[in-house]
Amino acid sequence: MSKITINKPDSFVLYNGDEAVARGAVEADIKVAAAYPGTPSTEILETLSKAAKTLGFYAEWSVNEIISTTVAAGAAMTGARAIVSMKHVGLNVASDAIMTLAYTGIEGGLVIVVCDDPKLHSSQNEQDTRYFAVHSKLPLLDAGNPQEALNMTREAFNISEQLKLPIILRLTTRVAHGKAKVQIGQLQKLYRNIAFDKNGSRWVMIPSNAIRQHKILEEKIVQAKQIAENSQFNQIEDNNADIGIIGSGVGYYYARSVLDTSKFSWLKLGFVHPFPSNLVKIFATKVKQIIVIEELRPYIEENLQRLKLDVTGKTQLELGEIGEYTPDSVREAFAKLNLTKTNPPTAIIKDLPSRPPNLCPGCTHRAFYYALNSTYQHIECDNNKCIKCGTCAQTCALEKEKTTDKNKSRIKIHNKTTTITVCKACINPTCTTSCPQNALTKSTQTGTIHVDENKCIGCKTCLQNCPHNAINIDTDKNKAIICDTCQGNPQCVKKCPKHALTLVGRSNDKIVTGDIGCYSLGVLPPLNTMQTCLCMGGGISQAAGMIHAGVKDKIFTVLGDSTFFHAGISALLNISYNKANICVIILDNRITAMTGHQPTPASGKTAMGENAKIVNIHEITKSVGIDKIITVDPYNIKDTINAIQKTLTYNEPCVIISQRPCPLLLTQHNPPREITNKCGNCGVCTTNFGCPAITQTQNNKTEIDQTLCNGCGVCETICPHQAITRRKQQQ
């Protein structure tokens with residue numbers, strides 16, 4: 001049974017803020033709920049969807065926020081109560097609908113829940129939704145704890161129907177995710193005739209109708225201001241104190257937690273737009289000094305300044321507009337005014353390891369990024385490991401020239417410095433541009449340098465211009481010889497007795513624009529693959545802009561399946577229509593993974609757990625005019641590299657679909673891997689691939705954590721020394 005279906009009015013339940021919103025919505029008897037996943041708002045719809053069948057309402061994961069908003073709006077236009085929830089950046093997507101929805105109004109109650117994310121715990125910017133309320137001319141309630149979240153949600157439907165306007169309810173991350181004991185109310189049942197008024201003059205916003213509806217909106221805002229002035233969510237606590245504190249959201253409760261509340265007077269603002277200026281003026285007459293506590297921006301402070309009131313705000317408190325408040329930061333702020341003591345000193349724990357965000361063990365995205373970085377490869381030598389035995393050079397000569405003469409090796413041993421150099425397949429190789437015979441060319445597909453023996457005259461110009469001194473001259477043929485990595489299977493790497501040689505790729509030889517999801521973590525070491533992340537669906541169009549501006553580099557763009565359905569389809573259509581030579585990579589793990597594994601149109605399930613048609617990404621990409629579409633299994637590194645290389649010479653828009661379920665969805669896994677004694681700590685699995693299940697110990701030994709490894713086997717595939725194998729099952 002869902003926690004929000006408990007039918008024991010006045011009892012207490014442990015909810016976080018998102019769950020409390022969901023409970024408030026069912027107490028108000030909603031009929032429709034819609035959302036697109038986005039932390040910190042995800043759990044609202046997630047919680048509602050689990051109770052939908054039991055309580056008899058409809059819930060859906062829409063493909064984006066504007067669609068979820070218009071779904072909820074359509075329901076509210078019929079007289080039904082509806083709720084839509086999103087994070088603050090999702091509000092940007094929905095804003096086109098919401099701005100005009102303020103003009104049309106609604107019939108049944110409509111609550112738009114927006115969860116702001118101060119400190120960017122899981123977002124690409126910080127926003128303050130209170131200013132959007134001003135911009136859209138919609139009333140806004142600001143919840144400061146889970147109990148307020150429930151009460152405000154329930155009451156917001158009443159206010160919405162009184163004004164015939166959508167109501168915005170704002171939460172912040174700490175309120176959305178923080179848990180508290182919440183007193184629940186009655187699960188009411190409303191009996192309404194659900195029908196749509198076909199009066200187009202109200203709903204169709206052509207200019208003549210819109211100008212009339214705008215005037216009506218202004219009248220409603222005046223009415224909303226009167227409601228705010230008398231709202232139960234705006235309360236004065238008069239303690240006959242000289243100092244009055246005005247606050248909203250969680251910051252208000254932080255202030256109460258660090259101060260002796262009896263020594264101050266308090267004004268809690270929960271209904272913050274329209275701003276209750278008359279109530280504030282009354283409060284101002286009761287105190288000599290006003291202090292404002294609010295996050296993120298100085299919305300209340302600016303409104304007090306418009307009322308010509310002196311206010312101690314963010315500047316004096318040194319509480320900025322970046323990041324979120326904490327009880328400690330609020331205490332320190334009041335200490336600057338000598339209103340409380342500074343935080344007591346705490347023991348400093350040193351040398352704690354950092355825990356940066358990371359792609360999970362077995363993540364399909366990591367495998368694909370590794371393949372993408374491996375499109376162009378070259379051999380690196382760790383001269384700290386190398387013992388200058390010459391095995392590599394001898395192996396190379398035998399492999400390429402069928403001789404043991406080291407002078408015919410593509411690996412160059414410098415006797416004077418006792419170092420080894422190998423061609424690095426430079427992004428802009430000077431050897432090719434300096435060759436007077438045009439005998440050297442760089443492969444578009446592999447990045448290696450090819451020597452045309454029919455043109456090469458052995459002039460050594462390439463050798464002299466190589467910044468790495470990595471080119472040899474075959475004195476018998478009088479021709480340049482340069483490493484070509486043996487088509488990605490170099491024997492020298494395998495035969496090196498100290499594992500000093502590794503075949504490595506790189507991320508800076510191509511442009512990779514990106515999008516928002518788990519795969520955004522590809523920007524971090526050791527992958528360092530993604531180079532842009534702006535907004536949902538933005539990567540494809542950013543890449544198009546670069547191409548049309550004249551960029552010559554090959555451009556890839558990555559996005560997930562959920563993002564593809566959200567905003568990628570129209571962007572893909574745009575590059576197809578406008579002929580942008582981009583390779584679009586759709587990382588299809590059949591789920592919205594980053595926000596908690598919500599279903600997508602490709603997963604075959606709805607939010608309410610019902611079977612649904614599986615939308616085929618391949619068919620969609622083909623339908624918008626993409627001719628070259630390649631589907632790969634990212635765990636198959638070799639095939640994935642080959643697929644990527646095929647796109648490098650393709651001069652039209654193309655798509656690679658990387659298709660494998662998120663490993664966290666699977667109930668069964670292959671046996672975990674383990675390191676054998678063949679390992680020489682070459683670093684491919686740790687330094688280049690970077691699976692968090694594989695680490696190097698303090699004694700420089702590579703190990704696989706059996707509790708983390710899920711047996712994907714990619715490390716076994718990429719290990720050049722066959723030093724990783726399946727762990728034998730215990731009998």
Side-chain angles (χ1 to χ4, degrees), residues 36-39 42 64 87 89 120-124 356-375 505 507 510-543 555-569 571-572 582-598 600 602-603 617 621 630-637 640-641 643-644 647 655-665 688-692 710 712 714:
Y36 177 80
T39 306
T42 303
N64 63 36
K87 66 185 298 179
V89 288
L120 301 96
H121 293 279
S122 183
S123 306
Q124 65 271 37
N358 204 350
L359 295 170
C360 301
C363 179
T364 60
H365 305 333
R366 179 186 300 281
F368 190 92
Y369 281 144
Y370 180 84
L372 186 60
N373 287 347
S374 300
T375 305
S507 59
K510 62 188 79 69
I511 297 173
V512 182
T513 62
D515 231 297
I516 300 163
C518 293
Y519 46 89
S520 302
L521 297 175
V523 70
L524 300 175
L527 297 169
N528 301 306
T529 308
M530 208 171 79
Q531 295 146 1
T532 74
C533 177
L534 183 64
C535 62
M536 296 289 280
I540 297 176
S541 301
Q542 283 179 305
I555 302 183
F556 296 87
T557 184
V558 294
L559 73 166
D561 51 327
S562 182
T563 307
F564 176 73
F565 293 121
H566 180 288
I569 297 174
L572 186 65
I582 300 162
C583 180
V584 176
I585 299 161
I586 303 171
L587 303 172
D588 179 15
N589 58 9
R590 296 301 173 97
I591 209 71
T592 312
M594 189 175 191
T595 53
H597 296 96
Q598 293 76 30
T600 75
S603 64
I617 294 176
T621 56
I630 307 172
T631 299
V632 299
D633 177 355
Y635 282 0
N636 190 325
I637 298 294
T640 302
I641 292 173
I644 296 168
T647 70
V655 168
I656 296 175
I657 303 173
S658 172
Q659 194 170 77
R660 179 174 273 270
C662 172
L664 297 184
L665 290 176
N688 301 334
F689 186 59
C691 176
N710 61 20
C712 73
V714 177

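For the numbers below, each heavy atom of this structure counts, side chains included, while hydrogens, waters and symmetry mates do not. This structure is a prediction, so every number in the text was calculated from the model and none was measured.
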List the steps, then state whether side chain to side chain contact (heavy atoms under 4.5 Å, CB included) holds for V714 with Y370.
CA-CA 10 Å; V714 177; Y370 180 84; 5.7 Å; no
Write down the atom of [X], the atom of [Y], and the distance for their closest heavy-atom approach.
X	Y	answer
P37	Q598	CB-OE1, 3.6 Å
S603	R590	CB-O, 3.5 Å
P357	L521	CB-CD2, 3.7 Å
C535	D515	O-OD1, 2.9 Å
P663	G362	CG-O, 3.3 Å
C360	L664	SG-CD1, 4.0 Å

Side-chain touch [X]/[Y], heavy atoms, less than 4.5 angstrom:
X	Y	result
C533	I516	yes
P692	R366	yes
Q124	L534	no

Within the distance-only criterion (no hydrogens, no angle test), does the side chain of [X] pair as donor or acceptor with the backbone N or O of [Y] below 3.5 angstrom?
X	Y	answer
S123	L120	no
N373	L527	yes
K510	T375	no

For D561, enumerate each residue passing the salt bridge (charged side-chain N to carboxylate O under 4.0 Å, His left out) test, keeping only those at least two apart in sequence or located in another chain.
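For D561, no residue satisfies salt bridge (charged side-chain N to carboxylate O under 4.0 Å, His left out) once neighbours in sequence are set aside.
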To the closest 0.5 Å, what do you measure between [atom1] ([X]) and [atom2] ([Y])?
X	Y	atom1	atom2	answer
T513	M530	OG1	CE	8.5 Å
L665	I591	CG	CD1	5.0 Å
F564	I586	CZ	CD1	4.0 Å
I585	T557	CD1	OG1	8.0 Å
N64	M536	CG	CE	8.0 Å
T563	I569	OG1	CD1	11.5 Å

Only one of D633, T364, D588, N589 forms a side-chain hydrogen bond (donor to acceptor under 3.5 Å, both in side chains) with R660, so which one is it?
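Of the listed options, the one satisfying the test is D633.
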Out of the candidates T532, T529, I555, only one should pair with V512 under the side chain to side chain contact (heavy atoms under 4.5 Å, CB included) rule; please name it.
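Exactly one option meets the side chain to side chain contact (heavy atoms under 4.5 Å, CB included) with V512, and it is T529.
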Side chain to side chain contact (heavy atoms under 4.5 Å, CB included) between L559 and Y519, intermediate numbers included:
CA-CA 8 Å; L559 73 166; Y519 46 89; 4.2 Å; yes
Begin with the C-alpha distance, continue with both residues' side-chain angles, and end with the deciding distance and a verdict on side chain to side chain contact (heavy atoms under 4.5 Å, CB included) for F368 and V632.
CA-CA 9 Å; F368 190 92; V632 299; 4.1 Å; yes
Verify side chain to side chain contact (heavy atoms under 4.5 Å, CB included) between S658 and T640, making sure each step is shown before the conclusion.
CA-CA 8 Å; S658 172; T640 302; over 6 Å; no
Residues two or more places apart in sequence or in another chain: which of them pass side chain to side chain donor-acceptor pair (under 3.5 Å) with S562?
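Y36, T592.
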